[in-house]
Amino acid sequence: MKNTARTARPLQAAGLLALVLPALLLSACTGSTPTPSSAPTSTAWTSDYVAPAATEIAPLTGQSVEGGSLAHPSLAAKIDNHVVARPQVAIDRTDLVFEELVEGGITRYVAVWQSSIPDQLGPVRSIRPMDPDIIAPFGGLVAYSGGQQRFVDAMNVTGQISAIFDYDTTGLFSRSSATSAPHNVILAASEFVNRNASVTPPAQQYAYAATLAAASASTDGTPISVINTQFSNSSARSWTWNAEAAAYLRAQDGVPDLTPEGAQLKATNVVVLRVDVTVSNSIPKTELIASGEASISSGGKTLAATWSKDAQTSPIRFIDGNGVTIRLAPGNTWFQLVPNGTGSADLVP
């Protein structure tokens, strides 16, 4: 009996092995591995990261903007600054404004839009001899009401695409009822740009810092609270630094310079150029293919500089006393082209 029992147990074990072995071989052949029912299950990880939109630097303000949003030309326009023409339409949306002396001791503007193109702008007035030198570097569109043929011809030579009120038959211009002629010519600005959307955007004109605090005047300049400029006995301007607005607020002849909505005009940078002015047939011409003294104001500080322009199509360059290129703050800039001799610039701490 004992021998019979000992023999049976090995036989039972052999039978179990015979049952299990085929199952293991079947698992190996099918590539599956038995998983205990208590093993944890894995969850796939997903990220909610969204890549930021591509950006680019606006060529006439140095500001970071959405990539591709400025794929259109700049628009320069000759803007009236007679007291009857104020407040001007869309002057607060400009990238750049150049204020220049014209006949009678008054001033007019060459205003440039590219970052923000308004539906309308104005009042538009006639061209003057220095305007081709100001506008040529932008390589875009220009609007004016007319002018002496020699000045119109000089502008045409620059290659800008012109809209001229005196010759317009396409409906780009109208007259506003808000003021009297000739101070009421209004341009359909966005329509003009849309008709010429394939024209190349302007090249970057000036050096810019990444922030207002990093601008050359902000870092190396002298604190100045008020910038007074005099173009003639009848044309006085002032810019007052406003820390809350982080900008200079503009006044003309002692009165705040306002938009049609009642906001005071302001600038991130105020650049004063001392320029020679020549007169031919009673028409002043600011001489810009030249060089001279300048002051650059950003962030409540002002830095002495030298300006130069070596060709009509070249931008104006600025260097400090060490010969280093000056960086403007990102934002809009007003240029005051103050005549040597008859004009003046006074900086008030």
With a 4.0 Å cut-off on N to O distance, would you call Asp131 and Lys78 a salt bridge? yes
Do [X] and [Y] land in one hydrophobic cluster if side-chain heavy atoms of ILVMFWY residues count as linked below 4.5 Å?
X	Y	result
Leu121	Val199	yes
Met130	Ile106	yes
Val272	Ile319	no
Leu75	Leu70	no
Val89	Val112	no

Between [atom1] on residue [X] and [atom2] on residue [Y], distance to nearest 0.5 Å:
X	Y	atom1	atom2	value
Asp257	Trp239	CG	CH2	7.5 Å
Ile326	Leu303	CD1	CG	4.5 Å
Trp113	Leu96	CH2	CG	10.5 Å
Thr94	Leu265	OG1	CG	8.0 Å

With a 3.5 Å distance limit and no angle check, can you tell me whether [X] reaches the backbone of [Y] through a side-chain donor-acceptor pair?
X	Y	result
Asn194	Ala197	no
Gln264	Arg250	yes
Asn196	Glu191	no
Tyr248	Gly300	yes
Gln205	Ala203	yes
Asp95	Ser115	yes
Gln88	Ile79	no
Thr342	Pro339	no
Ser216	Arg327	yes
Ser235	Gly105	yes

Apply side chain to side chain contact (heavy atoms under 4.5 Å, CB included) to the pair Lys301 and Ile224, showing each step before the final yes or no. CA-CA 5 Å; Lys301 294 183 178 181; Ile224 295 294; over 6 Å; no
[X] vs [Y] side-chain heavy atoms within contact, under 4.5 Å:
X	Y	answer
Ser162	Met155	yes
Leu60	Ser74	yes
Lys285	Arg128	no

Do [X] and [Y] pair up side chain to side chain, a donor and an acceptor below 3.5 Å, judged on atom types alone?
X	Y	answer
Thr306	Arg317	no
Ser308	Ser291	no
Thr259	Asp92	no

Asn81/Gln252 under side chain to side chain contact (heavy atoms under 4.5 Å, CB included): CA gap, chis, key distance, verdict: CA-CA 10 Å; Asn81 192 34; Gln252 296 204 74; 2.9 Å; yes
Is the distance from the ring center of [X] to that of [Y] below 6.0 Å?
X	Y	value
Tyr206	Phe335	yes
Trp307	Phe318	no
Tyr109	Trp334	yes

State which residues pass side-chain contact (heavy atoms from CB on, under 4.5 Å) with Ala329; sequence neighbours excluded, sorted by chain then number. Leu212, Ala215, Thr268, Asn269, Ser298
I'd like to check the side-chain contact (heavy atoms from CB on, under 4.5 Å) partners of Ser176; sequence neighbours left out, ordered by chain and number. Ala178, Asn184, Ile186
For residues 221-230, which residue pairs qualify under side chain to side chain donor-acceptor pair (under 3.5 Å), counting only residues two or more places apart or in two chains? Thr229-Gln336
What residues, two or more places apart in sequence or in another chain, satisfy salt bridge (Lys or Arg N to Asp or Glu O under 4.0 Å) together with Glu56? none
Check against side chain to side chain contact (heavy atoms under 4.5 Å, CB included), Gln148 and Ile283: CA-CA 11 Å; Gln148 293 186 21; Ile283 297 179; 2.9 Å; yes
The side-chain hydrogen bond (donor to acceptor under 3.5 Å, both in side chains) partners of Asp80 (sequence neighbours excluded) come to Arg125, His183
Phe231: ring pair (Phe, Tyr, Trp, His ring centres under 6.0 Å) partners, not counting sequence neighbours: none
Verdict with reasoning, Glu99 to Arg237, per salt bridge (Lys or Arg N to Asp or Glu O under 4.0 Å): CA-CA 10 Å; Glu99 185 170 15; Arg237 312 290 180 251; 2.6 Å; yes
